[in-house]
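Take a look at the structure below.
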Amino acid sequence: MCGVVGVAAVSPVNQTLYDALTVLQHRGQDAAGIATCHGGRVFLRKDNGMVRDVFHSRHMLRLVGNFGIGHVRYPTAGTSSSAEAQPFYVNSPYGITLAHNGNLTNAVEIAAELFQTDMRHINTNSDSEVLLNVLAHELQALGKQQPSPGDVFEAMKAVYNRCEGAFACVAMITGHGLLAFRDAHGIRPLIYGERRHSSGKKEYMVASESVALTALGFDIVRDVLPGEAIFIDSDGRLHTQQCTEVTSYKPCIFEFVYFSRPDSVIDNVSVYKARLRMGEKLAQKIVREWGEQHEIDVVIPIPDTSRTSAMELAHHLNVKYREGFMKNRYIGRTFIMPGQEKRAKSVRQKLNAVSLEFKGKNVLLVDDSIVRGTTCREIIQMARDSGAKRVFFASAAPPVVFPNVYGIDMPVRSELIASGASIDEVCDMIGADRLIYQDLGDLKEAVIEGNPNLDGFDCAVFDGCYIAGHIDDDFLQDLAAHRNDSAKNRDSLQLVDDAVDNAGVSVEG
């Protein structure tokens, strides 16, 4: 999962982009980058690390211009080398930079086409570079020295015809304008807004989450629609066009469970209110299955994402809600960290128990979800070490049993604790006295209540129904070979190798 932002303004955008990326930092802590445009030149700074570490005063002073894009990243389809940091840049045509959130499910096939037919070179293991080169090729194929908004949209139609999967992108076409576009199912989020400059002219921002807009004084206009492209030309005029047929509007439900900030609104659904409803429905299930005499003395959230759901759950159970874990905010999200050993070690570094909230009590720990089980197993043991009499565990999401192929680095099935295991077996593996999961139907209802106009959700991690990209068993097996923890420890350029192999080209050296 990554965060993207683009700004078209009448004043320098470097500080605005920096501030927006800090607001979106939760979406990726592996790398950050900003590209701006001024006088027909692109100015780019990107590197591994947090936003505050990548950009210093000397870098900010060089990021001149009134148009720009930014990106925060954690590694999905790629490695975590600095070469994978975004935005990516290609010089022809015009000079284009692109930042991408999501995952192309046919990236290997497209990379082969780019190499063999389009004669374009892919230099990293990132599907984002593939997407950039597709856009560049389709713009170049138009043969226009001064592309109009209509020309840009025509190129986008071809991009949609070639690219499968999930993507929310911002791109800057040097000297011509800012482009933003979203996949045909709306899986990955993208929203835009506007504000008035002191001159009276409008300035625009496009970002992964609404909170980036509102924090910087932009009024929300609306979400970018599935299959829609938005182009803001060099004179600051905004143009929109539907560039592909849309069969469904199904955002990723895991955005509401875990990734998005609670103060964001995604596709007209308040993330905060959706999580409140998750807690309410989970409380109702506890009463149904455990009875009114559930023996819970206190509800304690595992910070930070589960707080909202845990608070509402405690309210409906009429049980005390307490903060039992204090968080070291200088440790990254364990879900994002590669390698089982690193994740297990980081849990104890990240959280410290407040013993008085556990001692002699039956404690219900609430988390947003259970993926590998590493984190909750460690936390349950921490609760016992702090004197808890019994430790119950509740997940605000259903069992995660399938990998994600649309831009979330969800592990392969063999590394998902709930895959092939019963609830009782998972309960034993994590060391809880009782375990309860949210029902998928309840989760869907909790979110869609905020916007009944949605067609549903991408729930593939829970139900295995992949709505885009022609996903089959062969695809998932190939994904498993490249995504398991041992594979992540190898710094390879497999995407490029596969593309060359598919093109029938031999490379030596």
Side-chain angles (χ1 to χ4, degrees), residues 26 209-211 251-327 333 335 351 354 357-358 361-371 375-376 379-380 383 388 390-400 423 432 434-452 454 457 459 462:
H26 62 285
E209 293 187 33
S210 63
V211 67
C252 173
I253 204 164
F254 217 70
E255 287 280 353
F256 301 92
V257 170
Y258 175 75
F259 270 105
S260 297
R261 275 180 40 159
D263 46 343
S264 282
V265 177
I266 305 290
D267 293 304
N268 284 325
V269 178
S270 163
V271 176
Y272 179 77
K273 287 188 176 180
R275 289 177 184 169
L276 286 177
R277 292 189 289 266
M278 291 176 206
E280 178 182 355
K281 291 183 179 296
L282 192 53
Q284 292 168 354
K285 183 177 180 181
I286 287 174
V287 172
R288 287 196 309 270
E289 298 196 357
W290 295 0
E292 295 283 353
Q293 305 301 318
H294 42 65
E295 300 181 311
I296 300 167
D297 296 321
V298 61
V299 172
I300 293 177
I302 297 173
D304 287 312
T305 319
S306 63
R307 276 200 178 97
T308 309
S309 297
M311 180 174 60
E312 192 71 358
L313 182 151
H315 171 72
H316 283 273
L317 291 181
N318 196 26
V319 173
K320 290 180 181 179
Y321 169 89
R322 292 290 185 267
E323 293 285 344
F325 294 104
M326 297 298 110
K327 186 175 181 180
R333 300 175 100 172
F335 176 87
L351 296 177
V354 181
E357 296 295 354
F358 294 91
K361 298 176 183 177
N362 292 333
V363 178
L364 175 65
L365 301 180
V366 181
D367 206 353
D368 52 79
S369 59
I370 304 173
V371 182
T375 300
C376 57
I379 290 174
I380 288 168
R390 299 178 73 192
V391 182
F392 310 137
F393 202 93
S395 168
V400 176
I423 293 177
R434 266 182 171 178
L435 170 64
I436 194 164
Y437 282 100
Q438 185 87 261
D439 288 336
L440 181 55
D442 285 343
L443 176 61
K444 290 179 180 179
E445 287 181 12
V447 182
I448 206 165
E449 186 177 327
N451 183 5
L454 296 175
F457 303 96
C459 301
F462 305 123

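Only this structure's heavy atoms are used, side chains among them; waters, hydrogens and symmetry mates stay out. Just so it is clear, the model here is predicted, and its values are computed rather than measured.
For the pair His294 and Val319, the minimum side-chain heavy-atom distance is below 4.5 Å. With contacts defined as side-chain heavy-atom distances shorter than 4.5 Å, the pair Ile436/Phe392 does not qualify. For the pair Phe254 and Ser369, the minimum side-chain heavy-atom distance is below 4.5 Å. Val269 has its side chain within reach of Leu454: a pair of non-hydrogen atoms, C-beta onward, lies under 4.5 Å apart. Side-chain contact between Phe457 and Leu443 is absent, with no heavy atoms from C-beta onward closer than 4.5 Å. Using a 4.5 Å heavy-atom threshold, the side chains of Thr305 and Arg275 count as touching. Between Lys444 and Leu440, some side-chain heavy-atom pair lies under the 4.5 Å cut-off. Cys376 places none of its side-chain heavy atoms less than 4.5 Å from the side chain of Leu365.
Judged by distance alone, the side chain of Glu209 and the main-chain N or O of Arg261 form a donor-acceptor pair under 3.5 Å. With Thr308 contributing its side chain and Tyr272 its backbone, the two residues share no donor-acceptor pair below 3.5 Å. Between the side chain of Asn451 and the main chain of Asp267, a donor-acceptor pair closer than 3.5 Å is present.
Here Asp304 contributes atom CG and Asp368 contributes atom CG; the two are 10.0 Å apart, rounded to the nearest 0.5 Å. The distance from the CD1 atom of Ile370 to the CG atom of Leu435 is 5.0 Å, given to the nearest 0.5 Å. In this structure, the separation between OG on Ser309 and CZ on Arg277 is 10.5 Å, given to the nearest 0.5 Å. Taking CG of Asp297 as the start and CZ of Arg322 as the end, the distance is 11.5 Å to the nearest 0.5 Å. Put simply, CZ on Arg390 and CG on Leu364 are 12.0 Å apart, with the number rounded to the nearest 0.5 Å.
Between Lys281 and Glu445 there is a salt bridge, since a side-chain N of the basic residue sits under 4.0 Å from a carboxylate O of the acidic one. Salt bridge annotation for Asp439-Lys285: present, with a cationic side-chain nitrogen under 4.0 angstrom from a carboxylate oxygen. A salt bridge links Arg307 with Glu323: the closest approach of a Lys/Arg side-chain nitrogen to an acidic carboxylate oxygen falls below 4.0 angstrom.
Between Tyr321 and Ala314, the closest heavy-atom pair is CB-CB, 3.8 Å. In terms of heavy atoms, Ala396 sits closest to Met278 at O-SD, 4.3 Å. Shown here for Lys361 and Val298, the closest heavy-atom pair between the two residues is CD-CG1, 4.1 Å. Between His316 and Ala283, the closest heavy-atom pair is CB-CB, 3.8 Å. Across all non-hydrogen atoms, the minimal contact from Ser395 to Leu282 is O-CD2, 3.6 Å. A pairwise comparison of heavy atoms in Pro303 and Pro301 identifies CD-O, 3.4 Å as the closest pair.
Open room surrounds CD on Glu292; 12 or fewer heavy atoms of other groups in view lie less than 6.0 Å from it.
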Legend entry - Candidate pair Val354 and Ile300, rule side-chain contact (heavy atoms from CB on, under 4.5 Å), full reasoning: CA-CA 11 Å; Val354 181; Ile300 293 177; over 6 Å; no
Inset, instruction - Starting from the C-alpha separation in whole Å, work towards a yes-or-no answer on side-chain contact (heavy atoms from CB on, under 4.5 Å) for Val391 and Phe358. - result: CA-CA 9 Å; Val391 182; Phe358 294 91; over 6 Å; no
